[in-house]
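I have placed the structure first, in the form of structure tokens, so that the comments after it can refer back to it.
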Amino acid sequence: MRSHSCGLLNESLINEPVILCGWVNRRRDHGGVIFIDLRDRSGLVQVVFNPELADAFALAEQVRNEYVLRITGTVRRRPEGTENPELATGQVEVVGQYIDILNAAETPPFQLDEAHVGEDIRLRYRYIDLRRPEMQARLQLRANITRLLRQFLDEQGFLEIETPMLTKATPEGARDYLVPSRTHPGQFFALPQSPQLFKQLLMMSGMERYYQIVRCFRDEDLRADRQPEFTQLDIEMSFIDESIIKNMMESMMRQLFKEVKGEQLPEPFPSMSYEDAMLRYGTDKPDLRVPLVLTEVSDLMAEVKFKVFAKPANDPEGRVAALCVPRLKISRKQIDDYTDFVAIYGAKGLAYIKVNDITAGRNGLQSPILKFLPDKAIEGLLERTKADSGSLIFFGADKAKIVNEALGALRLKIAEDLKLIQKNWKPLWIVDYPMFEWDETEKRWVSLHHPFTAPNVQDIETLEANPGACLSRAYDMVLNGEEIGGGSIRIHRPEMQSAVFRVLGIGEQEASEKFGFLLDALKYGCPPHGGIAFGLDRLVMLMCGASSIRDVIAFPKTQTASCLLTSAPSPASPAQLRELHIRLRSNNPH
RNA sequence: GGAGCAGUAGCUCAGUUGGUUAGAGUAUCGGCCUGUCACGCCGAGGGUCACGGGUUCGAGUCCCGUCUGCUCCGCCA
């Protein structure tokens, strides 16, 4: 059908006959000469039609944008002075001799070269949107990434193994997508939130090294970096500890970035405890490209006569922290805007101190709260925050959770506003996560990672005596403020797994109903094992500089989890519902 | 469940204090044009101002509700 790809034609093919297939990117009709830019996946090439070849010229007059053509012609050097250095093929052109119109095309609903088409219209006509070179490049990059990841893991002796999509609903974690069973009235499959249990079972099956690029489903509300179905690179290994898998995963990422981006990632990746991350960045996925940090000042504020600070400073669950921004000149209005911004995270206010002259002590400072602060607190504050003349110090004082989220977000917001974000790659590991977190609404311990994560203690007594103090053997890989991967060494002893279920308040009966197969499997010879899962969409998004994972997914969903292209979801027919033993509570859902 | 932003020509947008026939760019269609590459020039067509209600002599503009898209909180690892 075709002999060459449009974007690959060059001077080495001059005088060669070629047959090209592609879309009309643009037609320029000069009356006596017609240019058609023909586009395929490889790029563009200009085809020229002259009136001497009357048949081809007549067809060239008829074609319109996005027509699909097969063109026969000859490559030639462009006449001197008409070369186009913007185009990879710009030194040559094809003299068109024959045109087959393989298919006509209606006028597209949007122009492919329009920079700011609404995302809804792009999604509705995604097949046209994906023709744009930018989107082609993103999907190409995604394919390159998955190929290199597979190649690396294959070389390390991993087996790619598939796991079920129709599986069992699990308690804990996200809301499940349910699939009704026709053959079991009233019963449901769940789509996997991740293949977690299956990959552990594969370790118990003696597979030793497993990976899979696998779709996962979570029925939760969407974000720019969250889709209801997303792709994980899922990995599990037997007979390992943290250092083995972390080192291997680091090498994988270093190799990936080197080959795809030509970038050298650090060796080794820095490592930070969860506690340090929360103290210094207010989050467990710190963006190390931002040179601002939070400063703990609870102890300095414990004695001050300012209730807003003193109360959280003396509350074991409270925190007073400072965010010092050097050389920050902003208006009252901008401070108000930042106050509104932190209110999103539940902060009731945003106290601040302007440092006009660091050498003048208290007199060099300017703040509505200055009068509440004794000299000692001010001294300590200025020293710890390394404030200088021109600095602005913001404060968060509340429950630690609120302070962390508010100041953590403010840190990123200010960095963005002030263009303080460095242009490089900053990966790191977050380790030493707490095993459990106390859920105040449910009045019980919940897993910070998941219930199969091994605790950092050997004996069950220590775990059960003080669950809140127990750390886990989990590790997250963070890149530029995005959590791109997370994993852990798993529990491989049935007694420990039962103990963790007990701490989580999962009774013996429930445990055996929901996870009986896992507890059984642990009894039949389970190797020590652990693994990790990477959010592939997020990784690709970062690597191609996109701001949403929708831009690296061929057919993504909107924020309300619908597909504008297919109009899914849509009502099921009464016959389908009857077969599935389902009756709707309302007959008029639309 | 909640907060914010947006919805006007196929697309991207403007539309002043509520006031005559709702505009621009681009795309489309027609004509002219032999070296353009965002070709150029001339002309034409194209509007349920998201939807529903209200206020008013009069609503794209003001008010209420609904829907859709995006960002975020909650939710989610």
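Proteins come first, then strands; the chains are lettered A, B, ... in the order of their sequence lines, and each starts at number 1. As the structure is a computational prediction, the values presented were derived from the model and not from experiment.
Here A/Glu83 lies in heavy-atom contact (under 4.0 Å) with a base. When heavy atoms are screened at a 4.0 angstrom cut-off, A/His116 is found touching the sugar-phosphate backbone but no base atom. Backbone-only engagement by A/Gly118 is indicated by non-hydrogen atom pairs under 4.0 Å involving sugar-phosphate atoms exclusively. Residue contacts for A/Asn65: at a heavy-atom cut-off of 4.0 Å it reaches the sugar-phosphate backbone alone, with no base atom in range. Counting any heavy atom pair closer than 4.0 Å across all strands shown, A/Pro109 reaches sugar-phosphate atoms only and no base atom. Counting any heavy atom pair closer than 4.0 Å across all strands shown, A/Glu405 reaches sugar-phosphate atoms only and no base atom. Residue-level contact check: A/Arg76 touches the bases, meaning some heavy atom is under 4.0 Å from a base atom. Residue A/Thr453 is classed as having no contact, given no heavy-atom separation below 4.0 Å to the nucleic acid. A/Ile121 comes within 4.0 angstrom of sugar-phosphate atoms only, judged by non-hydrogen atoms across all strands, and of no base. Residue A/Arg218 is in sugar-phosphate contact alone, with no base atom involved, counting any heavy-atom pair closer than 4.0 Å across all strands shown. Here A/Gly173 lies in heavy-atom contact (under 4.0 Å) with sugar-phosphate atoms only. The residue A/Thr560 sits close only to the backbone: its heavy atoms come under 4.0 Å of sugar-phosphate atoms, none of a base.
Side-chain proximity of A/Glu119 to B/C70, B/G35, B/G10: nearest is B/C70. Nearest nucleotide to the A/Gln559 side chain, out of B/U71, B/U34, B/C37: B/U71.
Counting distance only, with no hydrogens placed and no angle test, the side-chain atoms of A/Gln46 and the base atoms of B/U36 include a donor-acceptor pair under 3.5 Å. On a pure distance criterion of 3.5 Å, a polar donor-acceptor pair joins the side chain of A/Glu93 and the base of B/G35. For A/Arg124 against B/G10, no side-chain N or O and base N or O form a donor-acceptor pair under 3.5 Å. In this model, a side-chain donor or acceptor of A/Arg78 finds a partner on the base of B/U36 within 3.5 Å. For A/Asp120 against B/G7, no side-chain N or O and base N or O form a donor-acceptor pair under 3.5 Å. Below the 3.5 angstrom threshold, one finds no donor paired with an acceptor across the side chain of A/Arg27 and the base of B/C39.
Using P as the reference atom, B/C11 and B/G53 are 25 Å apart when rounded to the nearest Å.
Within the 4.0 Å cut-off from OP1 or OP2 of B/C37, not a single side-chain nitrogen or oxygen of A/Asn25 is found. Using a 4.0 Å cut-off, some side-chain N or O of A/Arg223 falls inside it from OP1 or OP2 of B/C73. Side-chain nitrogen and oxygen atoms of A/Arg28 include none within less than 4.0 Å of the OP1 or OP2 phosphate oxygen of B/U36. Side-chain N/O atoms of A/Arg550 include one lying less than 4.0 angstrom from OP1 or OP2 on B/U71. Taking side-chain N and O atoms only, A/Arg26 has a distance below 4.0 Å to OP1 or OP2 of B/C39. In terms of phosphate contacts, A/Thr82 brings no side-chain nitrogen or oxygen within less than 4.0 Å of OP1 or OP2 of B/C37.
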Return the polar atom pairs (N/O with N/O) between nucleotides 29-31 of chain B and the protein under 3.5 Å, or none.
from	atom 1	to	atom 2	distance (Å)
B/C29	OP1	A/Arg64	NE	2.9

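Aromatic stacking of A/His30 on B/C39: satisfied, with centres closer than 5.5 Å and planes within an angle under 30 degrees.
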Intermediate values then yes/no, ring pair (Phe, Tyr, Trp, His ring centres under 6.0 Å), A/Tyr433 and A/Tyr274: CA-CA 5 Å; A/Tyr433 279 84; A/Tyr274 174 84; 5.1 Å; yes

